[in-house]
K.L.:
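Dropping the structure in here first, questions after.
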Amino acid sequence: MYDAGKIISGIIIFFILVSFPIWISAASGTIGDVPELNLPADEEQCVEDAEWMRANHMDLLIDWRETVVREGVRVYTASDGKEYNMSLTDTCLDCHSPKAEFCDQCHDYVAAVPNCWSCHVDPGGS
Amino acid sequence: MNALYAFFAVALLMLVAFFGVWGLGWNTLFAVMIPYAALAIFIIGLIYRVVKWARAPVPFHIPTTCGQQKSLPWIKSDRIESPSSTMGVVARMAMEILLFRSLFRNDKVQLEDKKRVTFQGNRVLWLGGLVFHWSLLIILFRHSRLFMQPVPDFMIFVRDIDGILQGLIPAVFITDIAILMALTYLFLRRVVFPQVRYISLPSDYFALFLLLGVVILGVLVKTAWKVDIEGVKVLAMGMFTFNPVVPEGIGPAFYIHIFLASVLLAYFPFSKLMHGPGIFLSPTRNLINNSRAVRHINPWDYPVKVHTYEEWEDEFREAIRGVGLPLEKE
Amino acid sequence: METNRRVFLKVAGLATLGFMVTKPALDVFARGQFGEASVGEALDPPHEVGTTTKWGMAVNLTACSEKDGCTACTDACHDYHNVPDIDNKEEEIKWIWTAPYEKVFPEHGNEFIEDDLRGSEVMVLCNHCEHPPCIKVCPTRATWKREDGIVMMDFHRCIGCRYCMAGCPYGARSFNWKDPRPFIKETNPDFPTRTRGVVEKCNFCAKRLSKGLQPACVEACPEKALTFGNLLDDHSELREILATHTIVRRLPELGTEPNVYYYKAD
Amino acid sequence: MATRDLHMEEDEILFKPIESSGKNFYLTASILGVLVILGVIAYIYQYRNGLAVTGLSRQVFWGVYITNFVFFIGISHAGTLISAILRIVKAEWRLPVTRAAELITVLVLLFGVGSIIIDLGRPDRMFNLVRHAQFGSPLLWDVTSVAIYFTASSFFLYIALIPDIALLRDRGNSPKWLYQILSAGFTGTAKQLRVLDILILIMAIAVIPIAVSVHTVVSFVFAMTIQPMWHSAIFGPYFVVGAIFSGVAALIIAMYLIRKFYNLGDYLKHKQFNNLGLLLLVMACFWFYFTLAEYLTTFYGNEPAQMTVFWSKFTGEFAPLFWAMFIFCFVIPFPILAINRTRTILGTTIASISVVIGMWLERYVIVVPTLTAQRLASDLPTYMPTWVEWSILAGSAAFFCLLYVLFSKFFPIIAIWEIREDREKKREEIIEYVRERLPEKGEELEEVLPE
């Protein structure tokens with residue numbers, strides 16, 4: 001092999017660069033950490049089923065926002081026919097407060113930064 | 001026709017992933033086994049190919065330049081286009097890798113009015129290629145949030161800049177649009193121009209379709225068929241600790257996305273996609289243009305046994321003289 | 001598996017993207033839903049967003065000025081709505097406030113007026129005009145008039161151009177020059193705060209109305225000087241008052257037709 | 001000027017700024033650059049801390065930024081409108097002026113729109129203007145017509161620039177790739193020239209109504225409210241007149257600087273300054289007339305709310321600014337421009353500087369006093385811009401100048417091809433004229449007159 005030194009160091013640099021995220025995580029010691037959600041004990045199900053909520057809660061919240069603020073309608077009929085008051089603070093945070101033990105867990109984990117909390121207030125939060 | 005072969009190949013891959021997940025429920029296979037395998041093939045294949053290239057000697061000192069070589073001190077030389085030092089080579093390579101310098105010079109020669117030859121810049125390919133590669137890089141960088149914990153602010157900053165249009169269209173990234181447009185152009189270019197179509201092979205189309213498929217599905221799982229990102233990140237982080245947890249309730253689109261990405265990864269070392277590592281090993285670009293100043297010796301030159309005329313004459317002097325032929329040295 | 005509601009979600013998403021064509025259809029849907037479920041103690045008449053309701057308010061000037069220096073309504077409103085208490089005339093935010101009689105009714109600022117009104121502080125708030133000049137100029141429809149007459153503000157959509165402030169002749173709108181949160185002593189989690197850079201004003205307690213409650217100021221007034229009700233209901237207390245008193249509205253010459261009335265009790 | 005030779009080979013002096021940059025250029029550019037950085041820092045500071053860092057307040061919620069918006073958009077009328085009108089009426093003296101004028105338009109519009117965005121409380125949501133556009137709002141009319149104006153005037157500037165870019169490409173100036181791309185394959189064939197002429201004519205005609213609409217609509221932002229002394233029917237034409245007034249003044253200043261620093265005295269001559277000076281004089285009279293009409297009707301109407309504003313301008317808090325505006329807009333420029341002896345190159349420039357200052361004050365005196373004296377204002381608040389606003393004003397102006405200077409370093413600031421075309425036409429006309437009358441002299445003349 002010609003220029004063995006350059007070739008080998010090139011390959012090593014490439015793999016170090018690409019695997020950079022792993023080293024960062026390993027260095028911070030959080031590599032195995034998984035979000036821990038504080039789920040309400042007395043409720044079986046969210047307004048929709050949990051899997052759907054996990055993926056689509058942001059659309060639901062935006063829809064609620066538009067419906068409540070712009071149309072003055074406050075009642076949400078879920079797919080199982082149950083009715084809910086469309087309110088982030090009254091309905092969502094009723095079960096999921098404080099948000100630090102629910103919302104923030106995943107949002108911090110996947111670095112999704114919602115702008116809800118610049119206005120809305122978590123009654124259970126400090 | 002070549003395009004169709006490639007299209008069917010990619011479609012088949014998508015169907016495989018779709019039925020594997022939706023029909024057979026082999027989620028773990030597609031979410032864990034195949035990505036692991038693809039990664040292994042990528043790493044080993046890449047090293048294998050690079051080492052194989054490195055074993056081939058570069059017999060001549062042949063940088064292709066387009067600037068004045070360093071010669072006499074009062075002649076202005078072009079230190080980047082015709083580098084005379086390692087720094088020059090680094091600068092030249094950086095220009096090539098980051099800006100596709102040589103593709104930029106891709107001029108179009110035309111015979112105007114059947115009278116004179118004109119040169120016109122043809123920068124569309126350059127632009128398309130540059131946009132594609134940079135978008136891909138930024139998209140990969142954005143994906144890095146799924147592989148690290150905690151996510152540095154810099155990543156979030158880049159994502160926010162990329163997503164600046166989200167004030168207009170929700171969940172859209174500039175790079176998503178850019179890469180789709182660039183890939184579409186790169187594909188159409190092969191189909192529309194007869195010359196390019198003629199030299200296009202199924203493998204050329206295959207890479208393009210594979211990339212298009214990955215990108216389109218990636219956009220879909222971000223907009224239409226939303227995916228539980230937290231589950232995805234748990235899976236991705238679990239891969240590093242060899243403890244992957246396959247998330248539940250995620251639709252086939254996500255699995256097709258990572259299956260196509262895995263195929264791309266595994267296909268990489270055995271395809272033209274190796275132009276990436278290859279660019280570092282192109283002797284026409286990574287050498288110093290000093291062949292007039294320094295003597296370069298062919299690396300595999302072995303000591304050839306030479307028999308000069310002088311020696312030959314010494315050997316046969318008597319015989320030559322005998323037949324009366326002239327001698328150089330009496 | 002896929003439910004109607006989810007389909008609706010998508011439709012609503014499209015509608016918000018600006019497909020105004022679907023809006024009437026959604027409104028019908030919305031009304032139907034709203035009628036079904038009213039929670040809490042009901043106002044009289046039923047509080048329905050629709051053309052049968054037009055909220056209004058009457059302010060008893062005599063009763064209000066009875067207790068000088070009373071700030072009960074302002075406090076109740078500002079506490080409920082997380083209005084920051086910025087002690088600075090330049091940057092203050094106010095939903096309800098008081099102003100001298102002559103300033104509130106400049107056209108009544110005669111040389112000689114009744115002694116009990118001269119210099120008295122009059123409680124003022126957004127008039128929820130019939131023809132609000134502020135909504136005409138808003139470039140993003142962040143402020144608009146609901147069917148029940150409330151001039152609403154959408155804090156999510158406001159870009160902070162302050163054109164509505166130029167539109168409003170009453171000075172009823174305030175702008176968040178800085179982050180309001182440090183200036184809120186106790187935050188009420190029932191109502192959002194605002195961010196810096198958006199305009200805000202009284203919303204006639206739209207959220208309380210939806211729960212069947214009277215506006216916070218009306219409830220809080222110790223003199224019962226404020227009467228809130230449906231202007232389209234012939235038998236409401238509000239209409240009763242308006243029918244039996246001399247009433248005034250602010251800047252009538254501008255044609256904005258405020259829905260907040262002022263009267264002097266006998 | 002050393003040489004009086006207009007026929008200097010290839011108009012070499014026009015290429016000089018592009019081919020060499022002196023110490024003056026670098027000095028100017030770095031001073032401007034520092035001011036730009038100051039403006040950027042001020043904006044970042046404002047973005048982080050909110051508009052509270054400005055002098056704006058609950059009552060005076062619009063100030064320097066909105067003034068800048070009206071002022072910059074006004075300046076933009078320098079260009080395209082003037083150059084389009086002069087083009088249509090075939091005023092030949094316009095030739096060396098057009099590009100300098102069109103460039104002002106394109107660049108200054110950016111800062112007009114920028115001022116609005118700087119003024120927003122939530123600039124991050126500015127896309128709501130498109131996403132939730134409410135076309136009932138005059139602000140949306142502004143967005144629309146300014147966008148159209150910007151597109152049209154950039155195109156207008158560009159197409160008239162193509163032959164000169166081709167010229168630079170053929171001379172081999174660098175950056176070659178830039179000229180290569182921008183020249184769009186122009187080689188100067190008869191067909192290309194014809195297409196170019198038609199395009200320029202179409203754009204020149206189209207741009208005039210757009211330009212008028214732009215400033216009318218800017219005035220509507222104020223006139224459509226019921227605030228005292230904003231709600232005025234005269235505001236549309238008043239603003240358009242003011243816009244052309246300040247635009248012409250800005251153009252004269254730009255011409256003076258180009259002439260001085262690029263030694264273009266052979267191109268920008270007394271004639272250009274004299275004619276534009278006369279135009280400025282006419283606009284000054286118009287401005288005086290509109291101002292008189294506006295204030296006199298207000299005064300006779302004697303409406304209390306309006307009179308509060310009126311007196312705050314005439315004798316009250318804003319009197320110094322109001323009268324300064326009057327002096328700068330009329331008292332100083334009028335005599336300079338009216339008297340032939342003073343309507344020199346220097347004279348018109350001095351008058352123009354006065355007009356530009358005066359017109360900024362005019363915009364300020366329109367925006368601010370009304371807000372301090374709104375109908376129900378409980379007290380008369382004052383407004384004093386802070387360092388942030390001044391820095392952003394300085395930064396915007398400097399950025400505009402910097403872009404202007406940089407443009408002149410890459411493209412000729414005087415339309416070379418048009419001058420050459422005109423010169424050729426003139427030569428043929430002269431020969432034709434002589435030939436008709438003195439047939440025997442025609443041949444001779446053709447030899448004498450340089451190609």
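Source: prediction; values computed, not measured. Chain naming here is simple, since letters A, B, ... match the order of the sequence lines and numbering starts at 1 in each.
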K.L.:
Validate the cation-pi geometry between B:Arg159 and B:Phe173: distance from NZ or CZ to the six-membered ring centre under 6.0 Å, angle to the ring axis within 45°.
P.N.:
no

K.L.:
So which of B:Trp53, B:Phe280, B:Phe240 has the biggest tally of heavy-atom pairs under 4.5 Å with chain A?
P.N.:
B:Phe240

K.L.:
So which of A:Cys106, A:Ala26, A:Ser19 has the largest heavy-atom pair count under 4.5 angstrom toward chain B?
P.N.:
A:Cys106

K.L.:
Please state whether the side chain, the backbone, both or neither of B:Val227 comes within less than 4.5 Å of a heavy atom of chain A.
P.N.:
backbone

K.L.:
Test B:Phe259 against every option in B:Phe18, B:Trp26, B:Phe30 by the ring pair (Phe, Tyr, Trp, His ring centres under 6.0 Å) rule and name the one that passes.
P.N.:
B:Phe30

K.L.:
Assess the pair B:His133 and B:Phe100: is the distance between their ring centroids shorter than 6.0 Å?
P.N.:
yes

K.L.:
With only heavy atoms counted, which part of B:Ala171 is less than 4.5 Å from chain A, the side chain, the backbone, both or neither?
P.N.:
neither

K.L.:
So for B:Pro150, is it side chain, backbone, both, or neither that comes closer than 4.5 Å to the heavy atoms of chain A?
P.N.:
both

K.L.:
Please classify the contact of B:Leu146 with chain A as side chain, backbone, both or neither, using a heavy-atom distance under 4.5 Å.
P.N.:
neither

K.L.:
Using a cut-off of under 4.5 Å for heavy-atom pairs, which of B:Val245, B:Asp160, B:Val234, B:Thr241 has the most such pairs with chain A?
P.N.:
B:Val234

K.L.:
By a 4.5 Å heavy-atom criterion (distance strictly below it), what part of B:Ile250 contacts chain A: side chain, backbone, both, or neither?
P.N.:
neither

K.L.:
Quick one: does any side-chain atom of B:His275 pair with a main-chain N or O of B:Lys272 as donor and acceptor, under 3.5 Å?
P.N.:
yes

K.L.:
Would you mind checking which part of B:Phe141 comes under 4.5 Å of any heavy atom in chain A, side chain (CB onward), backbone (N, CA, C, O), both or neither?
P.N.:
neither

K.L.:
Counting only non-hydrogen atoms closer than 4.5 Å, does A:Phe20 touch chain B with its backbone (N, CA, C, O), its side chain (CB onward), both, or neither?
P.N.:
neither

K.L.:
Please determine if A:Asp122 and A:Lys99 form a salt bridge, counting it only when a charged side-chain N lies under 4.0 Å from a carboxylate O.
P.N.:
no

K.L.:
So, taking the atom named CD1 in A:Ile11 and the one named CD1 in B:Ile43, what distance separates them when rounded to the nearest 0.5 Å?
P.N.:
11.5 Å

